[in-house]
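The block underneath contains the structure these notes are about, expressed in structure tokens.
Remember, it's 1-based here, ligands and their atoms both numbered in the order they're listed.
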Amino acid sequence: MISSDLTSYGEDVFSEKAIKEYLPKTVATKLLATMREGKPLDPSIAGKVAEGLKNWALAKGATHFTHWFQPLTGGTAEKHDAFLEPAGIAEAIYKFSGKNLIGGEADASSFPSGGLRSTFEARGYTAWDPTSPAFIKRHENGATLCIPTAFCSYLGDALDMKTPLLRSIQVVTKATERLMKKFGVPPAHVSITLGAEQEYFLIDKSFYLKRPDLLQTGRTVFGAAPAKHQQLDDHYYGSIRPRILKFMTEVEDNLWRLGIPAKTRHNEVAPAQFELAPMFEDLNLAVDHNMLIMEVLRQTAEKNGLVCLLHEKPFQGVNGSGKHCNWSIAYGDKNLFSPGNNPRENALFLTFLSAIIRAVDLHADLLRMTTAGAGNDHRLGANEAPPAIISIFLGDELNSVMKEIETGKAEKREGGKGMQIGVDTLPVLPRDTTDRNRTSPFAFTGNKFEFRAPGSSQNCAQSQMVLNTIVAESIDAICDKLEAMEGDFNTNLQALLQRLIKAHKRVIFSGDGYSADWPKEAKKRKLPNLANTIEALKPLKNAANKALFVKYGVLSETEMDARYEIGMEDYERRIRIEGSITLEIARSMIRPVVADEFSRLATAIGQAKKDGLKVGIRGLTALSLKLGAGLDDLHVKCEKMEKALDKGSYAEQIEAMRDLRKTVDKLEYLVDDARWPLPKYREMLFIY
Ligand code: ADP
Ligand code: MG
């Protein structure tokens, strides 16, 4: 039984309470200022922090510590060191110094670096991120103190996701402060926030162990569609099965201990698909928390005899999994994307909105880039996920406001004049879910923007880092323009926003993103449609994009090149692994069973003829013809797959996999159910 009170919330985090308890007052005050307001850390407190942190961790039963980081593999990494220090003959003490806390050395040679780290300089360095609190990870025999860190090469190049994210947060914070100053708003703390909705599948572990494709690639490369899958829409928000609810409560208990505000849980659209959403938090922390959420989901599933699949498309023909990234900017205690009820707040809101529209239009390619990956290729553009074309959905009310600013004429409201910035207030924007366009990759949802293209397994840092940077650039462009204009502020702003809307309205799209007409329409609007990973990674090589990231100091040119190389390498390897396992299963698991069945039929036909039977021979012959044709086809498709793996392009490998799958999935319906070697969709998706 899991306790339902909140006493264990944040228990495994070096929380504000623990900081105050374990650190001297002056040290605690300084550390908390860094954590809350991002104030630069006073390095002289590291020794004292380390001492307190060690005592806290020991009290929690920890014996080891690790610098916890997010390499470019997309996952997390840790290398444990014991606090242990020999002292005297066969005696030891526990030790942990400021130096241990602040930095570490990690052999970087086996992490992807895209050429950033030459092999003779294989060292990588981890650096403490004091803004994300240390936490304890428990296992059956004890616990480990985890210290969130950034990870870089000897020369300071970022080898991780966190470093550029932190840089981008500074950049958009600075731009926001600049704009607020233009509007004469008193200074306040800027925080960028993220609420990441995590989708996942759960299947029974016994099925998983019998599927080499799932084991090796996280997705099924074969599997005929079950008669019933999601046609009846009876899973979405359906009542949660007891076994799953038990799993979910254990997940939540773990997350709450880690101070992760898991809030929402429900069944998703596909059978065996679920979602977990935490309350939004400071972006950097929310990213760390999402990484932990994925880990806790996987581990808790394991404990419950289940397997959590975080792949974007584990099952063909049913919905894939995404990670909706809800993003906003808060200024003091005010959300800048909440339209206010006075003209000045509205002017600010509309300025931010225009900045974001401009950013997404100018840099749609970069946003798309952040969602690239072999797994997400199965999802984006498939008809349950947002398309690979990046557009913005604003909703009816905001659309008419934008139109009024653009044309100067009233839309829905009485009177001949359009919205006057700084004078009029906005109409009430309904925050009603029914009005939302679920098919849009980038939607305004009342007080935040929801980027829906990222895949369920992807680190949100990637998309958020780009979003921050491109929005900062747009805010700066607006500030530059306003500074160059003379005369009345509101009049200038009105003219500027009008120009921006005219120039960038093509990226606003309210229609059905799943419809076949949208790609055609998008083409007319000259919006990029980067259909797969190879296309989607190219923006990293683009000179203007490089200049943008360099200007803002978020990524250097070499860091961008490295990300391109890593993305391509990862893609190439995944496709190859998928192709190889497809071929192996087809040849060593499917073919023997089909051949066996075929030969049993042949024997039966021969016997029936010998016995002079009058019935049955026709049926047996028809089936053996089908199986025989399937067997021949299987041979041809396997040869094709082998050839593609040998020297084919990615496209040829993918095509060969698709062809082989068609053949095998047809055979699945023909072969004796008891002999089929792979657990079927109708079992995996429904029996748990
Ligand atoms: P849905 O989009 O599924 O209807 P919600 O509106 O509840 O769900 O929000 C989903 C996520 O968005 C949650 O993680 C929530 O905390 C987060 N969220 C809500 N408001 C904000 C905000 N101002 N900034 C960032 N995230 C937010
Ligand atoms: Mg959502």
note = side chain to side chain contact (heavy atoms under 4.5 Å, CB included) with Leu292: of Leu297, Ile260, Val287, only one passes, and it is Ile260

Exercise: identify the closest heavy-atom pair between Gly259 and Glu281 = O-OE2, 4.2 Å

request  = Check ligand 1 against Gly195 and write out every atom of the ligand that is under 4.0 Å from a heavy-atom position of the residue.
outcome  = 14 (O), 26 (N)

Min N/O separation Thr193 to ligand 1 under 3.5 Å = yes

ask   = Residues in salt bridge (Lys or Arg N to Asp or Glu O under 4.0 Å) with Lys505, at least two apart?
value = Glu406

Ligand 1 atoms in contact with Asn447 (distance to a heavy atom under 4.0 Å) = 23 (N)

ask   = Is the shortest N/O to N/O distance between Ser328 and ligand 1 below 3.5 Å?
value = yes

message = Could you go through Phe201 and Phe315, starting from their C-alpha distance and side-chain angles, then the distance that decides it, and tell me whether this counts as side-chain contact (heavy atoms from CB on, under 4.5 Å)?
response = CA-CA 10 Å; Phe201 279 86; Phe315 303 100; 3.8 Å; yes

query = Is there at least one pair of N or O atoms, one from Phe280 and one from ligand 1, spaced under 3.5 Å apart?
reply = yes

remark   = Between Pro441 and Ile390 the two heavy atoms that sit nearest each other are CG-CA, 4.0 Å

inquiry  = Show the atoms of ligand 1 that are less than 4.0 angstrom away from any heavy atom in Glu450.
reply    = 2 (O)

Proximal ligand 1 atoms for Asn335, defined as those under 4.0 Å from one of its heavy atoms = 23 (N)

Pro187 and Glu177, any side-chain heavy atoms less than 4.5 Å apart = no

note = Numbered in order shown, the ligand 1 atoms found under 4.0 Å of a heavy atom of Met279 are 16 (O)

inquiry  = Checking contacts here: is it the side chain or the backbone of Glu197 that comes within 4.0 Å of ligand 1, counting heavy atoms only? Could be both or neither.
reply    = side chain

key: Any residue meeting side-chain contact (heavy atoms from CB on, under 4.5 Å) with Tyr237, in chain and number order, not counting sequence neighbours   = His266

note = Looking only at non-hydrogen atoms, the one of Ser338, Pro278, Ala277 nearest atom 15 (C) of ligand 1 is Pro278

